[in-house]
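Both backbone and side-chain heavy atoms feed into the values below; hydrogens, waters and symmetry mates do not. Start at 1 with the first residue, then count along the sequence.
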Amino acid sequence: MKKQILTTAVAGTILMSNFFGGFAEAASISSLKDQQNQIEKEKSEISSTINDADKQINSLNEQQSDVKEQMTRIDIAIGDTHKKISDKTAELEETKAEITRLQEEIKVTKERIEKRNELLKERARNYQETGGMVSYLDVLMGSHNFSDFIDRANAVATIMQADQDILKQHEADKKSLEENQAKLEVELASVQTMLVDLEKLNQQLNAQRAEQDRLLATLEQQEEEIHEHKMELQEEAQLLAAQSAAIQKAIALEQKRQEEAAAAAAAAAAAAAAAAANNNSGSGNGGGESTSPQPPTAPVSTAPVSSGAFTMPANGTFTSGFGGRWGATHFGIDIANRAAGVPIWAAADGVVIQSYLSSSYGNVVFIAHSVNGQTYTTVYAHMETRSVSSGAVVRKGQQIGIMGNTGDSTGKHLHFELHRGEWNSSKSNAINPVGIVPMP
């Protein structure tokens, strides 16, 4: 009777084990499909966003081309203005040289005018003293003969004509002097005015050129930012594509683990039933030696592996928690350790989704896990080096890298994230690992 009860209990244990194992497997498969659908949706959204980024980049490139054409036109205008300024400056120098030359002529003319003024003053005094023609009559009347009279008459006529010529030349010189001075003043003022206008135009063109430079720099900065965002999107798209395969592989590993656990449980139950049967048989026969089945030997690990589903990812000091920090949200926890060669361990059995160098995470490893029908993603960032590759199967406590200070980091530490389900750029699935994953 006892043997029958024991056999029934063992059978029940096996059935319950199969039931819960099957339930967990069904939950894992269902979770996998849901996550794969979610990943495909996110990939589609990212693809659309990348297309939008490409359109923005094309638009910015067109704007940059327009700005560069405008800059070329401005440069041509600046070059033309500089040539005009150079020409007008040369013209101004020529005008100044002409003014200097005319000033010398004016100086000579003024000296000549002064000498004529003295001569005319002398003539005027003679007119006043002799009544003008008296002196000339004295000259004529003082002739000795007719021939001498003719000579003296010619001489007087010549002198009188010379006086008239002096007066005419005097007036002509004065008029030329006044005209040249007025002409040079007009030319000088015109050249100076044009130079001032050209300098103003040059300043305006340089200001426009500087504005176009600033505009081009802004457009290039915007393009750089969009390129960076596009690279982040492409990085995320690659990560999402890798997650689907990694999660499916992790589920397969979980199914295998459950099958092995069920087989081990069945073997243990069968061994227990056999032992019970032997005990019953031995007591009925008056004795017999009984042996208890020995538990399987646990694998030896150099890492301080915890007994639960997760183990701590690194040794060190807990420096920053999950939640608000510096006006933003910190989606993980930080563990710091100044020692050299600090190892980073996989927090649980899983499949490496991605292992690469990120601009923000630095050297980073993403691992997909399936624990009791629930999928998780862990992130190990800012490592100095990585020792696992994308697609690799890792065991809990296996070293995956060395603690470092790469990427967007201000000191040597491990930034560790835990996501219930897949990782996404919004980190909406991130959860506080404290209480789930053992901490140092």
**Request:** Determine, stepwise, if the pair N202 / H82 fulfils side chain to side chain donor-acceptor pair (under 3.5 Å).
**Result:** CA-CA 7 Å; N202 188 51; H82 284 171; 2.9 Å; yes
**Prompt:** Judged by atom type as modelled, is there a donor-acceptor pair below 3.5 Å linking the side chain of H330 to the main-chain atoms of G332?
**Reply:** yes
**Asked** Between the side chains of R73 and Q70, is a donor N or O closer than 3.5 angstrom to an acceptor N or O?
**Response** yes
**H382 and Y361 aromatic ring geometry - parallel, tilted or perpendicular at 30°/60° bounds** = tilted
**Prompt:** What heavy-atom pair brings N363 and L357 nearest, and what distance separates the two atoms?
**Reply:** N-CD1, 3.6 Å
**Any side-chain heavy-atom pair of V379 and W423 under 4.5 Å** = yes
**Message:** Applying salt bridge (charged side-chain N to carboxylate O under 4.0 Å, His left out) to K427 and E417, what does each step give before you reach the verdict?
**Reply:** CA-CA 10 Å; K427 300 187 179 180; E417 294 178 11; 3.1 Å; yes
**Request:** Nearest 0.5 Å please: distance from the CG atom of L414 over to the CD atom of E384.
**Result:** 13.0 Å
**Complete:** When rounded to the nearest 0.5 Å, the distance separating CG of D80 from CG of L201 is 8.5 Å
**Nearest non-hydrogen partners of S358 and V364, listed with the distance** = CB-CG1, 4.1 Å
**Asked** Going by heavy atoms in the side chains, are W345 and N315 under 4.5 Å from each other?
**Response** yes
**Message:** I'd like to know if the side chain of K396 and the backbone of G308 have a donor-acceptor N/O pair within less than 3.5 Å.
**Reply:** yes
**Message:** Within the 4.5 Å heavy-atom criterion, are L216 and Q221 side-chain neighbours or not?
**Reply:** no
**Complete:** Tightest non-hydrogen contact, residues P438 and I436, listed as CD-O, 3.9 Å
**Request:** Would you check if I402 and I344 make a side-chain contact, meaning some heavy-atom pair closer than 4.5 Å?
**Result:** no
**Prompt:** Where is the tightest heavy-atom contact between P343 and A314, given as atom of each residue plus distance?
**Reply:** O-CB, 4.0 Å
**Request:** Determine whether Y356 and S390 make a side-chain contact, defined as any pair of heavy atoms from C-beta on separated by less than 4.5 Å.
**Result:** no
**Message:** Set out, in order, the CA-CA distance, both residues' side-chain angles and the distance that settles side-chain contact (heavy atoms from CB on, under 4.5 Å) for V351 and I367, then state yes or no.
**Reply:** CA-CA 5 Å; V351 179; I367 301 178; 5.8 Å; no
**Item:** Side chains of R420 and N429, donor plus acceptor under 3.5 Å
**Value:** no
**Message:** Between S387 (side chain only) and G401 (backbone N and O only), is there a donor and an acceptor less than 3.5 Å apart?
**Reply:** yes
**Fill in**
Interatomic distance, OG1@T377 vs CD@E422, rounded to 0.5 Å, equals 7.0 Å
**Request:** Take R214 and E211, measure what salt bridge (charged side-chain N to carboxylate O under 4.0 Å, His left out) needs, and give me the verdict at the end.
**Result:** CA-CA 5 Å; R214 287 191 292 270; E211 179 62 28; 2.7 Å; yes
**Request:** Keeping the roles fixed (side chain from S409, backbone from G411), state whether a donor-acceptor pair exists under 3.5 Å.
**Result:** yes
**Request:** Determine whether P313 and I335 make a side-chain contact, defined as any pair of heavy atoms from C-beta on separated by less than 4.5 Å.
**Result:** yes
**Message:** Checking the side chain of N51 only, and the main-chain atoms of K55 only, is there a donor and an acceptor separated by less than 3.5 Å?
**Reply:** no
**Request:** Hey, can you tell me if F331 and F322 have their rings parallel, tilted or perpendicular (30° and 60° cut-offs)?
**Result:** perpendicular
**Nearest heavy-atom neighbours spanning V437 and A347** = CG1-CB, 4.5 Å
**Asked** Distance-only, no hydrogens or angles: does the T89 side chain make a donor-acceptor pair with backbone N or O of I85 under 3.5 Å?
**Response** yes
**Prompt:** Between the side chains of T378 and Y380, is a donor N or O closer than 3.5 angstrom to an acceptor N or O?
**Reply:** yes
**Asked** What distance do Q63 atom CD and T218 atom OG1 have between them, rounded to the nearest 0.5 Å?
**Response** 11.0 Å
**Request:** Please assess D75 against K68 for the test salt bridge (charged side-chain N to carboxylate O under 4.0 Å, His left out), listing each intermediate value before the final yes or no.
**Result:** CA-CA 10 Å; D75 287 340; K68 288 176 181 178; over 6 Å; no
**Ion pair check, D349 and K256, cut-off under 4.0 Å** = no
**Request:** Report yes or no: does S355 contribute a side-chain atom to a donor-acceptor pair with the main-chain N or O of V388 at less than 3.5 Å?
**Result:** yes
**Message:** For R395, is there any backbone N or O sitting under 3.5 Å from a side-chain donor or acceptor partner on Q398?
**Reply:** yes
**Prompt:** Hey, what do you get for NZ (K412) to CG (N405), rounding to the nearest 0.5 Å?
**Reply:** 9.5 Å
**Complete:** Scanning both residues in full, the closest heavy-atom pair of T311 with V305 reads OG1-CA, 3.3 Å
**Request:** Output yes when a side-chain donor or acceptor of T406 lies under 3.5 Å from a complementary backbone atom of M383, and no otherwise.
**Result:** yes
**Prompt:** Is there a donor in the side chain of S428 and an acceptor in the side chain of N424, or the other way round, less than 3.5 Å apart?
**Reply:** yes
**Asked** Is there side-chain contact between M439 and M312, with at least one heavy-atom pair below 4.5 Å?
**Response** no
**Asked** In Å and rounded to the nearest 0.5 Å, what is the CG to CD distance from D66 to E62?
**Response** 7.5 Å
**Item:** Pair F310-V371, side-chain contact (heavy atoms from CB on, under 4.5 Å): steps then yes or no
**Value:** CA-CA 9 Å; F310 291 96; V371 178; 4.2 Å; yes
